[in-house]
Amino acid sequence: MDEIVVVKNLKKWFPIRAGLFARTKRRYVRAVDGVSFSIKRGEIFCLAGESGCGKTTTGRTILRLEEPTSGEVLFEGKNVFTLDKKELKKFRREAQIIFQDPYESLDPRMTVFDTIAEGLEIHKIGNSHSERMEIVAKALEDVGLTPVEEFIYRYPHELSGGQRQRVAIASAMVLNPKFIVADEPVSMLDMSTRGAIINLLMNLKKNMMLTFLFITHDLALMKYISDRIAIMYLGKIVEKGPSVELIDNPYHPYSQALISAVPSPNPDVGIGDINIKGDISASLEVSEGCRFAPRCPYASKKCLKNEPELIEVAKNRYVACHKV
Amino acid sequence: MTNNALLLEVKGLKMYYEVIGRGWVRAVDDISFRQFKNENLGIVGESGCGKSSLALTILRILPPNARIVDGEILFNGMDLIKAPESEIRRNIRWKRISMVFQGAMNALNPILTVGDQISEAILAHEDVSKEEAWKRAEELLKMVGIEPSRSKHYPFEFSGGMKQRVMIAIALALNPDLLIADEPTTALDVIVQAQIINLIKRLQKELGLSLLLISHDVSLVFSISDHVAVMYAGEIVEYGPTSEIYHKSLHPYTHFLMDSVPDIKGRIRPLGSLGGAPPNLLNPPPGCRFHPRCPYALDECKEKKPPMRSVSADHTVACHRIDELRAKWYG
C-alpha cells in the first residue's frame, strides 16, 4: 500500500498575545510540536487524545486550513504548503473535512441543495443546473436522505442533527475526494444516530476507496473502526500502532491511563484506577525532558532531562518513553 | 444487595410541560422505579427522553410551565409530591437529596472564593458559626482531593475538573443520603471523568451515600450502577440489576443499545444501528412509543401500550414480545 499522506516533523505554534508594553520575550502555545506520521491509502488512521492535545490543529494544518510554523505535509508526494494556485484548488477538492458540530458547520440560510451545489460550482463540476441537480440528488441518495425531493430544499433548521451530518457528508463526497479528515464526526450525535452515521462513512469508504483521518477522543469506537491509532499528548505523539493491539496492550504510561479511564459497559469490568497525577496543566511549563514526566508514576531523572523520541519497540509499535 | 432498605420509590410518576396553544409535552409519563440504600441507580437515555426532567421532578425544582400530573415520589417513606415546599426547602433539598448537574462548574459564583461558596451552603441550612462552616469547607475540599489551602482561591483559578470537584464538595456539604448526578462528567475529559467517578465511588463507601446517575453515556452508567433504568420517549422501557440487563436485555431498545455501544475491553464486532429518530413528546405515537423504530413491532404494538412486566425477581420490561424475543436471543 502506498502512502497518501506523509507528515514530517510538523509544528504549529500560536503566539500568545502579550500586553502592549510587554517586555518579555514572545511566548508560544506549542499546539503541534514535531509530529510525524504517514497514512496509507485506504486506511483509517486515528489521532486520539484529550482536549488541548493538538489533534484538531494537526488535522487542520494537514489540510492547510492553518499555515504551519515548520515541517512538511506531502499529499500524494507533493508538499501541500508549496502548491501553486491550480494545484491547491485540486488539493482542496481531493481532501475534505467533516466537522464535529453539524449545527455550526452548515450555513443556516442555504438549502440542502445550495450547500451541496456550492462545492460543485467552485470546482466547475456539472455544466447546467439540471446536471448539478442530478449530482446532488445522487449524493443525497448515497447518504440516505431519501426521498430526495423531501430533503433537497430544506434549510438546516428543518433537519435533525443526524440529517445535518448527512448533508455535511454529502457535500464532502460530491467532490469525489480521496482523503477525508473527520473531526469528531459523531460525538455531538445521539447514540441511536451515531451507529448509522459511522456505518454510512464505512460504506462510503469501501465504495469510494477513501482514506480517513479520524480525530477523536472516543477510543472505544476507534478500536472498532480504525486501522491504526496515534495518541497525542500536548502536541506530540506519545504512542502509535495498530488499533486493537495498542488499545488492548498500551505501552506508554499516558496511553495506559487514558485507556483505563474509558468506562466499559460490561459491569464486571467498569472503570479502571487512574495512577497518574494532576491534569494537563501540570505539563504546560515543561521546557525540557518528557512533557508527561510531572504526572508520570514511573518518571526518573532522565525523563526530566531528555525528551524521549518516538521509536519502534516492537513490530509496528512506536512509543516515546524512556521506561518502555 | 436487593435485601437492602428502600431509599427512593417512584410510582406512576407523570410530569408534563405545558406549551401554550400546542398542548402538553409528556416528558415523564408513568414512570416507576426503586432505589435501595447504599446503591447506585443509573438512568440512561438519549437527549430529550425525559431523564433530566425526572431529576428536576424528584428535587421539585421544575419550571413554571411544568405540572406533576400524577404519581408518588417516596423518599424514606415520605411523599415528596404531597410535602409542602417549605418542608422540602428546609429539610430535603440539599440536606437529604443534593444534585450535581452538567456544567455545574459554571454555576460557581466568579466573585466568591470556593471556601465562601461551600460554607455558604452550610450556613444556609445549619446553625453553626462562620469559623465552623469554614473549617468544614476545608475538610470537604480535602475529601474531594483539593488542597484545603486553595479554599481562598476563586473559581477562575481552577480547571474544569477541579471546579466539578468543588461542586461535589458543595453537594456533599450537608451529608445527604442521595446524590443526583445529571451528566456530571459530560463536559470533562476521560481521565478527569474517571478521577471524578472514582472519587464519587470512594465517598460513597465512606459516607454511605446513594447515587442516582443520569446520563446518555451507556458505558459510564453501566460501569458504576447496581441497577439500571433505560428510558425512551418519557417512559422507562426496562429496569433491573445492571449485570442482568447487560447480559440479558429483553427490550428491543435496550438490546439495540447493548449492540451499538463499542466496548473498549470487548471483542471487535459490527456495531448495530437504528433508523429513524425519537418521537416528539407533544404527540407521541400510540401503543408502544418505540414501535415506529422497532424491527420486531407487530400490529398489537401500534395499538396497545405494553405494561411493565416482571421477568425475574427484580427485572421489569415493557414489551409485548418479551417471550418470543427471549427465546430468539437467549435460547
Exercise: identify the closest heavy-atom pair between [X] and [Y]:
X       : Y       : answer
K201(B) : I271(A) : NZ-O, 4.4 Å
G45(B)  : M191(A) : C-CE, 3.8 Å
P263(A) : S223(B) : CB-OG, 3.6 Å

Handout entry: Residue, of S47(B), S219(B), A194(B), that accumulates the most heavy atom pairs under 4.5 Å with chain A
Key =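 Result: the option with the highest number of such pairs is S219(B).
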
Exercise for the section: Tell me, yes or no, whether the heavy-atom count around K205(A) atom NZ, taken from other residues, nucleotides or ligands under 6.0 Å, exceeds 12. Expected result: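 Enclosed: over 12 neighbouring heavy atoms sit under 6.0 Å from NZ of K205(A).
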
Handout entry: Contacts of residues 256-270 of chain B with chain A (heavy atom under 4.5 Å)
Key =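 Those residues of residues 256-270 of chain B which have a heavy atom under 4.5 Å from chain A are F256(B), L257(B), V261(B), P262(B), D263(B), I264(B), K265(B), G266(B), R267(B), I268(B), R269(B).
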
Handout entry: Sidechain-backbone polar pair: D189(B) side chain, S51(A) backbone, donor-acceptor under 3.5 Å
Key =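 Indeed, once roles are kept as given, a pair shorter than 3.5 Å links the two residues.
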
So what's closer than 4.5 Å to chain B heavy atoms on [X]: side chain, backbone, both or neither?
X       : result
D268(A) : side chain
D248(A) : side chain
I247(A) : side chain

What's the spacing between [X] [atom1] and [Y] [atom2] if we round to 0.5 Å?
X       : Y       : atom1 : atom2 : result
L271(B) : L221(A) : CG    : CG    : 6.5 Å
N198(B) : I274(A) : CG    : CD1   : 6.5 Å
F222(B) : S264(A) : CZ    : OG    : 11.0 Å
I276(A) : Q195(B) : CD1   : CD    : 6.5 Å

Practice task
Quick one: list whatever passes ring-ring contact (aromatic ring centres under 6.0 Å, His included) with Y239(B), sequence neighbours left out.
Solution key: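 For Y239(B) the ring-ring contact (aromatic ring centres under 6.0 Å, His included) partners, ignoring immediate neighbours, are H227(B).
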
Practice task
Can you sort out the partners of F214(A) under ring-ring contact (aromatic ring centres under 6.0 Å, His included), two or more places apart, ordered by chain and number?
Solution key: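 Testing F214(A) for ring-ring contact (aromatic ring centres under 6.0 Å, His included), a comparison that skips the adjacent residues, returns F212(A).
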
Practice task
Examine whether an atom of S159(B) lies under 4.5 Å from a heavy atom of chain A, and if so say whether it belongs to the side chain, the backbone or both; otherwise answer neither.
Solution key: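 For S159(B), the contact with chain A is made by the side chain alone.
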
Exercise for the section: Using distance alone, with no hydrogens and no angle criterion, decide if S273(B) and R194(A) have a side-chain donor and acceptor under 3.5 Å apart. Expected result: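 No donor-acceptor contact under 3.5 Å links the two side chains.
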
Problem - Option that, when pairs with chain B are counted at under 4.5 Å, heavy atom only, ranks first among G195(A), P265(A), A261(A) - result: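 Greatest number of close heavy-atom pairs with chain B: P265(A).
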
Handout entry: Heavy-atom pair count under 4.5 Å with chain B, highest-scoring of I225(A), N199(A), D218(A)
Key =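 Most pairs with chain B among the choices: N199(A).
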
Handout entry: Residues from residues 155-169 of chain A approaching chain B under 4.5 Å (heavy atoms)
Key =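 Checking residues 155-169 of chain A against chain B gives no residue, so none.
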
Practice task
Would you sort out whether V262(A) and Q193(B) count as a side chain to side chain contact (heavy atoms under 4.5 Å, CB included), showing the intermediate values?
Solution key: CA-CA 9 Å; V262(A) 178; Q193(B) 165 172 287; over 6 Å; no

